[in-house]
Amino acid sequence: MAQIHWKSAISADFNTAGDWNTGTVPGASDDAILDATGGAFDVTANTAETVNSIQLASNATLSITGGTFTAEAGTGSGANAGAIVIGSRTAFAVTGGIANTGSIDLSGAGNYGAALIVNSGGATLTGGGQVVSTTTGAGNVIEG
């Protein structure tokens, strides 16, 4: 397991290996940490991804635009001080704990909703942050 950090405050695709401090994209056994210093930045996940945990600093946004982004948090816990934006026909699945002091935004359009899935088996969502639906999409759901 490795802690892999986003190198600089630039907006780019999650799968761009050169934007991570190890030169590799985080995988299922890695902690993906979006904590680059500087201005606001947006990391876009446009394919299904699985990481051990996800952590976002207050200047970071994770935009999920394709597939399901799974944060397993098997040995640690995730943290979100920034924004996680779940787009149409996508999902953010949490199978461990995540402390949310930022926002998790279900932004699916129309019937093509977004899903926040808090899986059973000890999964928790804590921290006093916001979980919001910024669209009127009938398909936006929270499952637990």
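All residue numbers refer to positions in the sequence shown, counting from 1.
A ring pair (Phe, Tyr, Trp, His ring centres under 6.0 Å) check over residues 80-104, counting only residues at least two apart or in different chains, returns nothing.
With contacts defined as side-chain heavy-atom distances shorter than 4.5 Å, the pair L106/V131 qualifies. You'll find the side chain of N15 reaches within 4.5 Å of the side chain of E49, heavy atoms only. Between D31 and V51, the closest side-chain pair of non-hydrogen atoms is not below 4.5 Å.
Atom CD1 of I33 sits about 8.5 Å away from atom CH2 of W20, to the nearest 0.5 Å. Residue S133 holds its OG atom at 7.0 Å from CG of D105, rounded to the nearest 0.5 Å. Taking CD1 from I84 and OG from S103, the interatomic distance works out to 8.0 Å, rounded to the nearest 0.5 Å. To the nearest 0.5 angstrom, L62 atom CG is 13.0 Å from Q55 atom CD. Rounding to the nearest 0.5 Å gives a distance of 12.0 Å between OG1 of T37 and NE2 of H5.
In this structure, the side chain of N140 engages the main chain of A114 through a donor-acceptor pair within 3.5 Å. Checking side-chain atoms of W6 against main-chain N and O of A32 turns up no donor-acceptor pair under 3.5 Å. Side-chain atoms of S11 come within 3.5 Å of backbone N or O of D42 as a donor-acceptor pair. At least one donor-acceptor pair closer than 3.5 Å links the side chain of T95 to the backbone N or O of E72. Panel note: side chain N59, backbone A36; a donor-acceptor pair is recorded below 3.5 Å. Checking side-chain atoms of N100 against main-chain N and O of G127 turns up no donor-acceptor pair under 3.5 Å.
The two atoms that bring S29 and N52 nearest to each other are C-CB, 3.8 Å, heavy atoms only. Here the closest heavy-atom approach between residue G39 and residue A9 is recorded as O-CB, 3.4 Å. In terms of heavy atoms, G87 sits closest to S107 at CA-OG, 3.9 Å.
Judged by distance alone, the side chains of T24 and T22 do bring a donor and an acceptor atom under 3.5 Å apart. In the model, N46 has no side-chain atom that pairs as donor or acceptor with a side-chain atom of T65 under 3.5 Å.
A side-chain contact (heavy atoms from CB on, under 4.5 Å) with N80 holds for exactly one of L34, I104, I54, T101; it is I104.
One hydrophobic cluster, built from ILVMFWY side chains closer than 4.5 Å, holds both I64 and L116. A chain of hydrophobic side-chain contacts below 4.5 Å, direct or via other Ile, Leu, Val, Met, Phe, Trp or Tyr residues, connects F14 to F41. No continuous path of ILVMFWY side-chain contacts below 4.5 Å connects F69 to V132, so the two sit in separate hydrophobic clusters. In the hydrophobic clustering of ILVMFWY residues, with side-chain heavy atoms under 4.5 Å counting as a link, V43 and V25 come out together.
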